[in-house]
There are 2 protein chains.
Amino acid sequence: MPGQVQSIARAAAILRLLAGGSGRLGLLEIARALDLPKGTAHGIVRTLHDVGFVEQDKTSGKYQLGAALLHLGTSYLDVNELRSRSINWADPLAARSGEAVRIGTLLDSKVLVVHHVFRPDDTLQTLDVGALLPPHATALGKVLLAYNARGGLGDLVPYTRRTLASPRVLTRALAAIREAGWGSDIEEMTVGVAGIAAPIRGYGGLVVGAIGISGPVERVCDAHGQPRITLVTHVREAARAVSRDLGGRGQ
Amino acid sequence: MPGQVQSIARAAAILRLLAGGSGRLGLLEIARALDLPKGTAHGIVRTLHDVGFVEQDKTSGKYQLGAALLHLGTSYLDVNELRSRSINWADPLAARSGEAVRIGTLLDSKVLVVHHVFRPDDTLQTLDVGALLPPHATALGKVLLAYNARGGLGDLVPYTRRTLASPRVLTRALAAIREAGWGSDIEEMTVGVAGIAAPIRGYGGLVVGAIGISGPVERVCDAHGQPRITLVTHVREAARAVSRDLGGRGQ
DNA sequence: AACCCTGGTCGGCATTGTCGAACACTGTTG
DNA sequence: CAACAGTGTTCGACAATGCCGACCAGGGTT
């Protein structure tokens, strides 16, 4: 595979930097972070500005992401097959389980949320479509990692006392998920919150995403602290349904 | 202003093409659309693929937008000041008016929706954050055009019988909006739907966005087919409130 | 099996973008 | 108040870089 176009790869790195960093960044911060000369960085940023991918705060001169990216991002949702096939099954799952449903896929060792239906009750919730979740601390993420060909595990930062922060423990958990066909996380990212997820298979049986629910531990888990079997069944059935729609073998 | 980085500008054009076009495109379609040699187009697309901005359907070989863009798009929302300042005022406006609220800004002669709160009732609605609306056929758009320094009017395609499709009629309508300080659209984009919008001013009094409501004509308009004065007042007050938050003079 | 179409590759030429230094500006500091 | 340390921006020379067109490889269809 021949090399990449240098300037485009650099431009992408700048955009990722702006997305990851805390909001605005100065030109020099960008140049230093990517180890580029000022002039070079400026040229790239200028064109990114011209095409609307980057905006500049006139007073401080700092740069941030631009409006054009928003439309590109939502356009991606329109063509994403995993999402479009999932939508019909996510709503029933939310209704039956009474919990929030999320569908995610792996984006360089993180979980990208491509669809999200709120918990049926009327509590205030924020839409996290487009958010990146830690793979090792969420049911969605662990399921995706379990079936991931490339073995990257991500950062393994501990969020709570129950987070699986050691590679050995995590790989064993992933093996268990492969064995069972589904996974869960119990207060591993947020205290008081648990989740259940199952893999979605696309054409050829390859795992292309995961669907899962999450909610308060006391509702998601039974008296023994284990995920309720009825909820697990609902999630796995939804995953199979989506897989079937995608043309995969559905488990 | 020195020139742009050629390859980056071309890459952006390809992304826009993929976003605008109907889903997947083949390499040759891309090359032809932008009048590039095959090889050149392939090099750019390959790097876009490597950085995750573009995905390829393995069976058909065609290209589509990639997952990385989704996260960039939502990251833009996080740093967008117009959106963050508006959120607190959009909910009350929706509650008081009983209609859906949208906040938009101008993105090369189209209206980019940066925030959207659903109509308070429980009817099925689709989130159109990130969508591009026609400027000449929506209240949001006409308000934005009215205060736009660069005079581009967009495409002026007629959607309904009442769409303002002629430049002369439209420019006169824009002048009226500047005079009144608010604007409306009555069945100009969709039959049975009307909207009211007012400009949001940022630092220095410059119009940086617009906020508006939209809903069924019979609720938004009175017996004479004119926008209800109470609703207009609510919208204008919300616009002023957001402007004040942004540090502008608020009208 | 010849033909069209597709996407992908390769290498020579020169266009293109990179690079470092100099510029203009702001706010801070000695 | 001047020198300074920051910033973003511009410029021009050099050559590395990415562009281009011809060539290769696979899949359908005729």
Side-chain angles (χ1 to χ4, degrees), chain A residues 1-18 21-66 79 81 203-204 247, chain B residues 1-18 21-66 79 81 202-204 206 247:
Chain A
M1 190 193 314
Q4 319 189 105
V5 175
Q6 187 188 52
S7 54
I8 295 178
R10 287 173 169 177
I14 290 178
L15 291 178
R16 270 197 303 263
L17 185 69
L18 287 172
S22 48
R24 287 171 250 265
L25 284 179
L27 180 59
L28 286 191
E29 301 177 80
I30 295 171
R32 269 196 285 267
L34 301 182
D35 200 35
L36 291 176
K38 253 193 314 186
T40 307
H42 179 68
I44 297 173
V45 170
R46 184 187 344 112
T47 42
L48 286 176
H49 177 85
D50 289 350
V51 298
F53 287 8
V54 150
E55 290 173 359
Q56 186 175 25
D57 185 24
K58 275 301 165 204
T59 65
S60 71
K62 288 177 182 277
Y63 294 97
Q64 59 177 304
L65 294 181
V79 297
E81 198 162 357
Y203 181 78
Chain B
M1 191 195 314
Q4 320 189 109
V5 176
Q6 186 190 53
S7 54
I8 295 179
R10 286 172 169 178
I14 289 179
L15 291 178
R16 270 197 303 264
L17 184 68
L18 287 173
S22 47
R24 287 172 253 265
L25 284 179
L27 180 60
L28 287 190
E29 301 177 81
I30 295 172
R32 270 196 285 266
L34 300 181
D35 201 32
L36 291 176
K38 251 195 314 188
T40 306
H42 179 66
I44 297 172
V45 170
R46 177 174 4 100
T47 37
L48 286 176
H49 177 84
D50 289 348
V51 298
F53 287 9
V54 150
E55 290 173 0
Q56 186 175 25
D57 185 25
K58 275 302 166 204
T59 66
S60 70
K62 287 177 182 280
Y63 295 96
Q64 60 177 314
L65 294 181
V79 297
E81 199 162 355
Y203 181 77
L206 215 75

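Predicted, not measured: the structure shown is a model, and the values here were computed from it. Hydrogens, waters and symmetry mates are skipped; everything else that's a heavy atom, side chains included, is used. Every chain is numbered from 1 and lettered A, B, ... according to where its sequence line falls, protein lines coming before strand lines.
- The phosphate of D:dT9 has OP1 or OP2 within less than 4.0 Å of a side-chain N or O from A:Y63.
- With rounding to the nearest 0.5 angstrom, the CZ atom of B:R10 is 11.5 Å from the CD atom of B:Q4.
- Listed here is the closest heavy atom pair of A:A11 and B:I8: CB-CD1, 3.7 Å.
- Nucleotide D:dC19 holds its C1' atom 15 Å from the CG atom of B:L34, rounded to whole Å.
- Counting any heavy atom pair closer than 4.0 Å across all strands shown, A:G43 reaches no nucleic acid atom.
- For B:R10, a side-chain nitrogen or oxygen approaches OP1 or OP2 of D:dC20 to under 4.0 Å.
- Within the 4.0 angstrom heavy-atom criterion, only backbone atoms of the sugar-phosphate kind lie near B:L28; the bases stay farther away.
- Taking every heavy atom of both residues into account, A:V51 and B:R16 meet most closely at O-NH1, 3.8 Å.
- Across all strands shown, B:T40 has heavy atoms under 4.0 Å from base atoms, whether or not it also approaches the sugar-phosphate.
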What verdict does the side-chain contact (heavy atoms from CB on, under 4.5 Å) test give for B:K38 and B:H42, after you've listed the backbone C-alpha separation in whole Å, the side-chain angles of each residue and the deciding distance to 0.1 Å? CA-CA 6 Å; B:K38 251 195 314 188; B:H42 179 66; over 6 Å; no

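- Atom CD of B:Q4 is separated from atom C1' of C:dT18 by 17 Å (rounded to the nearest Å).
- Proximity of B:H42 to the phosphate of C:dG8: a side-chain N or O atom is located under 4.0 Å from OP1 or OP2.
- Look at CZ on B:R32: it is 16 Å from C1' on D:dG21, rounded to the nearest Å.
- Among the heavy atoms of the strands, none lies under 4.0 Å from A:E29.
- Side chain B:K38 to base C:dG8: a donor-acceptor pair is found below 3.5 Å.
- Ranked by how close their nearest DNA chain D nucleotide is to the 5' end, A:S7 and A:G26 are led by A:G26.
- Contact between the side-chain N/O atoms of A:R46 and the OP1/OP2 oxygens of D:dC11 is not found at any separation under 4.0 Å.
- When the nearest nucleotides of DNA chain D are assigned to A:V5 and A:V45 by heavy-atom distance, the more 5′-ward of the two goes with A:V45.
- A sub-4.0 Å separation between OP1 or OP2 of D:dG18 and a side-chain N or O of A:Q6 is present.
- Atom CG in B:L36 sits about 12 Å away from atom P in C:dT16, given to the nearest Å.
- Distance CG (B:L25) to P (C:dC5): 19 Å, rounded to an integer number of Å.
- In this structure, CG on A:L18 lies 5.0 Å from CD1 on A:I30, to the nearest 0.5 angstrom.
- Rounded to whole angstrom, the span from the CG atom of A:L48 across to the P atom of D:dT9 amounts to 13 Å.
- In this entry the distance linking CG of B:D50 with P of C:dG8 reads 11 Å, nearest Å.
- Between the CZ atom of A:R24 and the P atom of D:dT7 there is a distance of 17 Å, given to the nearest Å.
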